[in-house]
Amino acid sequence: MDIFEHFRTTVSSVIEQLVTAGTLPEGTDMSRIAVEPPREAAHGDVTTNAAMVLAKPAGQRPRDLAETIADLLRRSDGVAAVEIAGPGFINLQIDASFWPDVVRAALEQGERYGRSDIGAGVSVNVEYVSANPTGPLHVGHCRGAVFGDALANLLAFVGHDVVREYYFNDAGGQVDVLARSVFLRYREVLGEDIGEIPSGLYPAPYLIPVARHLADMHGADLCDMPEDEWLPLIRREAIEFMMAVIRSDLEAINIKHDVFFSESSLHGPGGPVETTLAALRERGLVFEGRLPPPKGQLPEDWEDLEQTLFRATEFGDDVDRTVIKSDGAYTYFAADVAYFQTKYDRNFKQMIYVLGADHGGYVKRLQAVAKAISGGDAEVIVLLCQLVKLFRGGEPVRMSKRAGEFVTLRELIDEVGPDVIRFIMLFRKNDAPLDFDFEKVTEQTRENPVFYVQYAHARICSVMRNAARSASGDGSGHLALTNCHLNLLQDDGEIAIIKRIAEFPRVVQGAAAAHEPHRIAFYMYELASALHAQWNRGKELPHLRFIDEKNPDATAARLALCRAVRYVLSNGLGILGVVPVQEMR
RNA sequence: GGCCCCGUAGCUCAGUCGGAUAGAGCACCAGAUUCCUAAUCUGGGGGUCGCAGGUUCGAAUCCUGCCGGGGUCACCA
């Protein structure tokens with residue numbers, strides 16, 4: 001039950017009548033016609049700009065054409081009144097008999113209400129987090145993690161086949177540094193005095209447990225090995241250990257990936273890196289060459305070296321990108337190219353990369369790769385999350401990554417809880433910066449939107465519990481609720497809630513199309529607001545209370561409405577990955 | 001210097017593929033609880049949508065230029 005879809009159809013059929021009548025030319029473009037909720041409730045329930053958009057092809061003034069359209073709309077089903085306003089808006093007032101259908105649809109569809117199939121047939125790969133396995137996740141990873149997860153939920157909700165993917169760099173210098181750092185800790189665990197951790201190695205103590213594990217398994221054996229023997233062994237152990245830590249941190253904020261993709265699996269003889277680059281070389285897109293010096297300030301140690309390059313400029317990038325360094329090693333980007341190829345081979349049509357704002361420079365090269373490999377068949381969508389600034393009581397929290405001092409995601413979860421983190425992170429557009437204050441977000445105050453929305457859900461649950469106990473409320477069963485007299489819901493506040501419910505599918509589709517899960521969070525807030533407002537009206541006007549023992553029929557209808565709201569809250573919070581709590585005390 | 005993002009109420013932010021009188025929370029002021037959870041609600045004041053042009057029936061939204069803030073800029077991961 002999407003009323004806007006319904007009335008879009010109504011408007012379309014009216015336009016077709018006008019085409020048949022010759023008022024409008026054949027093949028009139030209807031794509032610019034909007035059928036949507038007006039910004040102001042006073043303007044009716046549904047509004048369309050059709051007359052203004054079609055005025056030119058019709059050769060009429062907007063308001064004159066609006067009159068013609070309005071006349072036809074007046075005769076359509078479900079339309080109670082039609083008004084022309086402003087420069088030519090056509091405002092529809094929906095027949096009161098329509099609203100019960102909205103509630104009924106929400107109840108019947110329940111957990112499916114708001115879902116759609118607009119994404120059917122388009123498989124999407126959403127890659128997010130993808131932090132290196134060299135340490136636990138910290139707050140810097142948090143926003144992208146939550147955003148990516150909610151986006152994946154959202155896309156799945158509208159019918160996409162979604163795979164949630166984590167790409168981890170287990171090849172290259174960083175993980176060797178990790179292994180050496182662990183080796184040092186290992187010797188420390190065995191009783192050796194290692195002194196200060198040399199610069200260039202990871203100083204933080206989170207590696208000690210890995211070292212202890214190694215000591216348990218191997219005793220002191222590794223000390224006697226040459227580096228080229230212990231390094232790969234420790235590296236493997238350390239990566240496995242860190243990935244386990246990362247996975248469990250992610251689970252603690254309700255995030256689960258479908259695929260953990262290893263960078264090193266791309267390397268090796270005959271592997272994707274080799275074959276992908278070879279194929280591009282065949283096409284002349286990978287070649288030996290030199291790069292112009294970088295613009296602006298020239299780095300001290302810049303040298304004009306011959307490298308192996310990917311011809312990114314042919315696909316819209318600013319410069320060609322190195323795939324094999326002057327020392328013969330592959331760049332990280334070379335693995336990226338091969339990685340994209342594997343995604344493309346897995347038949348994804350959209351590859352979404354959720355990255356931090358500091359990776360903005362990667363957008364063009366990733367899109368260039370997509371164009372080169374898929375020829376435009378698959379699309380790379382890069383979504384950048386702005387950084388999060390941490391505060392405590394208004395004071396910035398200082399972090400120094402070099403000294404190993406940073407707030408880990410785990411600490412954040414332990415202190416404020418997953419729901420607060422997720423909702424706050426999603427209650428903002430992803431490309432806007434975010435200040436996160438430990439103290440403010442844990443206060444259960446009115447300025448905390450998480451509790452506001454959860455409270456609405458808890459309130460409904462409370463009403464249900466009370467209704468189940470009282471004589472009038474035995475109709476908490478599903479069928480009893482859908483068969484009750486929903487046309488008794490006539491109070492302005494009740495209608496306002498129903499209108500919100502009616503918007504949900506549209507909001508979900510808009511949010512999905514724009515890749516903006518925050519729209520769901522704001523919608524949740526508005527729906528909660530409508531519910532709280534109606535609750536409070538019952539204080540002054542007892543006959544409007546959800547449970548009115550003198551009026552069992554109205555009570556049954558309102559319980560049905562509550563249940564519908566509960567489904568919407570629960571479905572929406574489900575997309576955000578926030579738990580719809582049943583009780584708050 | 002090149003590229004990307006941001007600039008909306010005192011503060012933090014929404015603003016639907018361009019729509020009507022630009023919205024919400026906080027803060028401030030005035031109210032609401034014998035009664036379904038006051039973690040709630042009702043009312044009030046508060047705006048040069050950074051600036052200047054352009055596109056059109058119509059611009060916070062699209063285009064150009066400028067101002068201000070942030071990010072990023074060969075072989076690093």
Side-chain angles (χ1 to χ4, degrees), chain A residues 31-32 34 36-40 42-43 47 49 52-53 55-56 61-62 85-89 91 132 134 169 171-175 177 263 290-299 301-305 307 318-322 324-327 329 331-332 356-364 384 386-387 427-429 431-435 440 443-449 451-452 454-456 458-459 462-467 470 473 506-507 510-511 513-514 516 518-519 522 525-526 528-529 531-540 542 545-549 555 558 583-585:
Chain A
S31 63
R32 288 181 57 229
E36 57 194 1
R39 288 180 189 268
E40 301 246 352
H43 293 143
T47 188
N49 60 355
M52 290 179 288
V53 172
K56 202 166 270 180
R61 283 181 304 183
F89 287 102
N91 296 330
N132 290 351
T134 52
N169 305 111
Q174 289 279 334
V175 283
V177 173
E263 181 195 356
R290 292 166 188 273
L291 285 175
K295 309 263 194 232
Q297 202 172 3
L298 198 62
D301 55 348
W302 188 80
E303 287 177 89
D304 184 19
L305 298 170
Q307 302 158 16
D318 305 317
V319 288
D320 292 331
R321 301 292 174 178
T322 307
I324 301 177
K325 294 183 263 180
S326 51
D327 67 1
T331 61
Y332 179 89
D358 55 340
H359 286 68
Y362 285 34
V363 177
K364 284 184 182 174
L384 301 176
Q386 276 291 345
L387 306 181
F427 201 58
R428 181 129 321 177
K429 221 167 25 181
D431 53 9
L434 172 61
D435 292 347
K440 275 190 192 159
E443 282 168 17
Q444 299 193 339
T445 62
R446 67 189 63 177
E447 73 179 280
N448 196 328
F451 299 118
Y452 187 87
Q454 284 186 319
Y455 185 38
R459 257 192 167 157
S462 171
V463 168
M464 298 298 179
R465 286 191 294 269
N466 286 313
S470 74
R506 185 189 149 80
V507 169
E516 291 184 346
H518 77 274
R519 292 193 198 182
F522 280 91
Y525 191 88
E526 282 162 1
S529 177
L531 190 275
H532 287 312
Q534 187 62 10
W535 172 281
N536 278 276
R537 294 192 74 197
K539 288 179 182 296
E540 290 205 32
R545 294 172 57 151
F546 295 141
I547 299 173
D548 180 359
E549 288 174 8
T555 299
R558 288 171 191 156
E583 195 174 12
M584 294 174 80
R585 288 284 179 188

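What you are looking at is a predicted structure, and each value in this text was computed from that prediction instead of being measured. Here is the naming used below: chain letters follow the sequence lines, and residue numbers restart at 1 for every chain.
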**Student:** When you measure only distances, ignoring hydrogens and angles, does the side chain of Arg519(A) come within 3.5 Å of the base of rU16(B) through a donor and an acceptor?
**Tutor:** no
**Student:** Is it the case that rA24(B) (base atoms only) and Ser529(A) (side chain only) share a donor and an acceptor within less than 3.5 Å, ignoring hydrogens and angles?
**Tutor:** no
**Student:** So which protein nitrogen or oxygen atoms get under 3.5 Å of nucleotides 5-10 of chain B's nitrogens or oxygens?
**Tutor:**
| from | atom 1 | to | atom 2 | distance (Å) |
| --- | --- | --- | --- | --- |
| rC5(B) | O2' | Asp431(A) | O | 3.4 |

**Student:** Looking only at N and O atoms, is any donor in the side chain of Asn91(A) or the base of rA20(B) less than 3.5 Å from an acceptor on the other one?
**Tutor:** yes
**Student:** Rounding to the closest angstrom, what is the interatomic distance between rU48(B) and rG7(B) at atom C1'?
**Tutor:** 14 Å
**Student:** Output the rounded distance in Å from NE2 (His518(A)) to P (rA24(B)).
**Tutor:** 17 Å
**Student:** Starting at atom CG of Leu291(A), determine the distance to atom C1' of rC76(B), rounded to an integer number of angstrom.
**Tutor:** 15 Å
**Student:** Quote, to the nearest angstrom, the C1' distance that separates rA24(B) from rG15(B).
**Tutor:** 10 Å
**Student:** Let me know the distance between CG of Leu531(A) and P of rU42(B), rounded to the nearest Å.
**Tutor:** 12 Å
**Student:** Using the C1' atom as the reference point in each nucleotide, state the distance between rG44(B) and rU55(B) in Å, no decimals.
**Tutor:** 40 Å
**Student:** State which residues pass ring pair (Phe, Tyr, Trp, His ring centres under 6.0 Å) with His359(A); sequence neighbours excluded, sorted by chain then number.
**Tutor:** Tyr362(A)
**Student:** Please report the distance separating the P of rG25(B) from the corresponding atom of rU42(B), rounded so that it comes out in whole Å.
**Tutor:** 8 Å
**Student:** Going by side-chain contact (heavy atoms from CB on, under 4.5 Å), name the residues that satisfy it together with Lys325(A), two or more places apart in sequence or in a different chain.
**Tutor:** Asp327(A), Ala329(A), Thr331(A)
**Student:** Using a 4.0 Å heavy-atom cut-off, does Asn132(A) contact any base of the nucleic acid, only the sugar-phosphate backbone, or nothing at all?
**Tutor:** sugar-phosphate
**Student:** If a protein heavy atom is under 4.0 Å from the base, mark B; if only from the sugar-phosphate, S; if neither, -; do that for nucleotides 55-62 of chain B going 5' to 3'.
**Tutor:** --SB-B--
**Student:** Determine the interatomic distance between P on rG18(B) and the same-named atom on rC6(B); round to the nearest Å.
**Tutor:** 16 Å
**Student:** When all nucleic acid strands are considered with a 4.0 Å heavy-atom cut-off, which category describes Thr47(A): base, sugar-phosphate, or nothing?
**Tutor:** base
**Student:** What residues, two or more places apart in sequence or in another chain, satisfy side-chain contact (heavy atoms from CB on, under 4.5 Å) together with Glu583(A)?
**Tutor:** Arg465(A), Arg585(A)
**Student:** Taking the P atom in each of rU34(B) and rU21(B), what is the distance between them to the nearest angstrom?
**Tutor:** 43 Å
**Student:** Taking donor-acceptor contacts at under 3.5 Å, does the side chain of Tyr362(A) reach the base of rC76(B)?
**Tutor:** yes
**Student:** Just to be sure I understand the rule, does Phe522(A) reach a base, reach only the sugar-phosphate, or reach nothing, if contact means heavy atoms closer than 4.0 Å?
**Tutor:** sugar-phosphate
**Student:** Tell me yes or no: between the side chains of Gln174(A) and Thr134(A), is some donor less than 3.5 Å from an acceptor?
**Tutor:** no
**Student:** Would you sketch RNA chain B in dot-bracket for me? Only Watson-Crick or G-U wobble pairs with both distances under 3.5 Å count, crossing pairs as [ ], other-strand pairs as |, the rest as dots.
**Tutor:** (((((((..((((.....[...)))).(((((.......))))).....(((((..]....))))))))))))....
**Student:** Determine the interatomic distance between P on rG54(B) and the same-named atom on rG58(B); round to the nearest Å.
**Tutor:** 12 Å
**Student:** When rounded to the nearest Å, what value does the distance between P atoms of rA22(B) and rU64(B) take?
**Tutor:** 27 Å
